[in-house]
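The structure appears below as structure tokens.
Below, chains carry the letters A, B, ... as their sequence lines are ordered, and counting in each starts from 1.
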Protein chains: 2
Amino acid sequence: MNLLMAFGEPTTDRRAARHEATKAEIVEAAWALAREHGLAGVSLRDLAKRVGMQPPSLYSYFPSKHAIYDAMFAQGYEALLELRRRTEVPDDPREAVRVMARQFLAFCVEDPARYQLLFQRTIPGFEPSEESYALATEVLGATSTYLDRAGAGDAESRDLWTALLTGLADQQISNDPGGDRWVRLVDTAVDMFLDSRGQTRRRRR
Amino acid sequence: MNLLMAFGEPTTDRRAARHEATKAEIVEAAWALAREHGLAGVSLRDLAKRVGMQPPSLYSYFPSKHAIYDAMFAQGYEALLELRRRTEVPDDPREAVRVMARQFLAFCVEDPARYQLLFQRTIPGFEPSEESYALATEVLGATSTYLDRAGAGDAESRDLWTALLTGLADQQISNDPGGDRWVRLVDTAVDMFLDSRGQTRRRRR
DNA sequence: GTCTATATTTGGATAGAC
DNA sequence: GTCTATCCAAATATAGAC
């Protein structure tokens, strides 16, 4: 599937294809601005300037600014899903969880603006559309599979897992941007997590 | 110590006292607005209206909007420190850490806007002043003491600890506001954390 | 589709009278 | 200290010509 066509209606002819391509260009420029000036620092003025348009022309492609954020949201989760599809996961359950964790953290830290949009509620009034949110759910579901194989598939474990990983990502981004002070703890964190899950199961027997 | 005097210069006479009282009133109104419309939703217009002033009059009390955020930041950490001073901590090291953790999470969840200001970097351009930031450091230091007694006083453990707790708080606030889906995992999380720290030490011997 | 022009709102901040 | 008046900038969004 063409990345440029990842959102919007299916293309029927060349005019529509061009339209989608321009939409993609706008979204790409929006990401660039978000990385430079923060997610909330994306303005339609700057965005239009960056793609060589006048601000009102953007409304030929997106009905509102939130619609642009929504396209970015969807694209962000698409990127994570695509990354996972391309990743070879080890057979060993614990090692598989480790790979997922490292990958998730790298993905978060790689682009703080994207992390903010995908995993925090920080844009006032923005709610992802139903279709976009479905992608977020899909990611969570894929994660559960690997947790389950490693003996941590129950709801509590899953919640503890998300808290642990987003906590690491958040601290890394907030308090040591560009460094690895928290990212390097990921293997320790995975071991801590999976060991404790194993104990819980033993206790219950 | 009077809460109203918690920030600003020491009072020398009644005029100064009145001045400090008004500052405190402004900060209190700012908190109320932050809780209602989000932290970024605090505008000087609304704020002035709430305290019965015209917007420019606020500048008699604070030189800028960021200065108001800074006063809020300091007050937030003061509140946490004060809460800890009032808390009786059990002798048992593990139980002490549990109490600290529960208290911290309750504090975070109780006021999401405050959590956002104190523990996330979300206001564009805002940096706490040196004095205010010192309070944040003081909180971290106090935490270390209890972690140390429970055998988790090294730097890595401390970082893992902050990630774990803020992760729980963040998920709770973002994904289950008003509920307890993540908060109720706190004891499990503490056990998981301290058990793994113990193992690490044993392995090293 | 894209432009110019403009509406509308909102924001933080300053000048100067009282 | 507080007000009125105002500035300046930035933001999203719409109308209508081309």
Donor-acceptor pairs are to be reported for all side-chain atoms of residues 144-153 of chain B against protein atoms at under 3.5 Å, with residues two or more places apart or in another chain.
{"residue": "Ser144(B)", "atom": "OG", "partner": "Leu140(B)", "partner atom": "O", "Å": "3.1"}
{"residue": "Thr145(B)", "atom": "OG1", "partner": "Gly141(B)", "partner atom": "O", "Å": "3.4"}

Take nucleotides 13-18 of chain C nucleotide by nucleotide from the 5' end and write B, S or -, depending on whether a protein heavy atom sits under 4.0 Å from the base, only from the sugar-phosphate, or from neither.
BB----

Which whole-number value in Å describes the distance from Gln54(A) CD to dT14(D) C1'?
15 Å

Length of the line joining Met53(A):CE and dC3(C):C1', which is rounded to integer Å:
11 Å

Test Phe126(B) against Leu117(B) for side chain to side chain contact (heavy atoms under 4.5 Å, CB included), laying out the working first.
CA-CA 10 Å; Phe126(B) 170 66; Leu117(B) 180 62; 3.8 Å; yes

Which residue pairs pass the salt bridge (Lys or Arg N to Asp or Glu O under 4.0 Å) test when at least one of the two sits in residues 161-185 of chain B, sequence neighbours left out?
Asp159(A)-Arg181(B), Asp180(B)-Arg184(B)

Across all chains, not counting sequence neighbours, the salt bridge (Lys or Arg N to Asp or Glu O under 4.0 Å) partners of Glu110(B) are Arg114(B)

With the threshold set at under 4.0 Å for non-hydrogen atoms, list the residues of residues 30-43 of chain B touching DNA chain D in residue-number order.
none

I need the CZ-P distance between Arg45(B) and dT10(C), as an integer number of Å.
7 Å

Taking salt bridge (Lys or Arg N to Asp or Glu O under 4.0 Å) as the cut-off, I'd like each qualifying pair that reaches into residues 50-60 of chain B, sequence neighbours left out, listed once.
Glu36(B)-Arg50(B)

Any side-chain heavy atom of Phe62(B) sitting closer than 4.5 Å to one from Val27(B)?
yes

Does either side chain, that of Arg84(B) or that of Thr143(B), offer a donor lying less than 3.5 Å from an acceptor on the other one?
yes

Check against side chain to side chain contact (heavy atoms under 4.5 Å, CB included), Tyr115(A) and Val109(A)
CA-CA 7 Å; Tyr115(A) 174 78; Val109(A) 169; over 6 Å; no

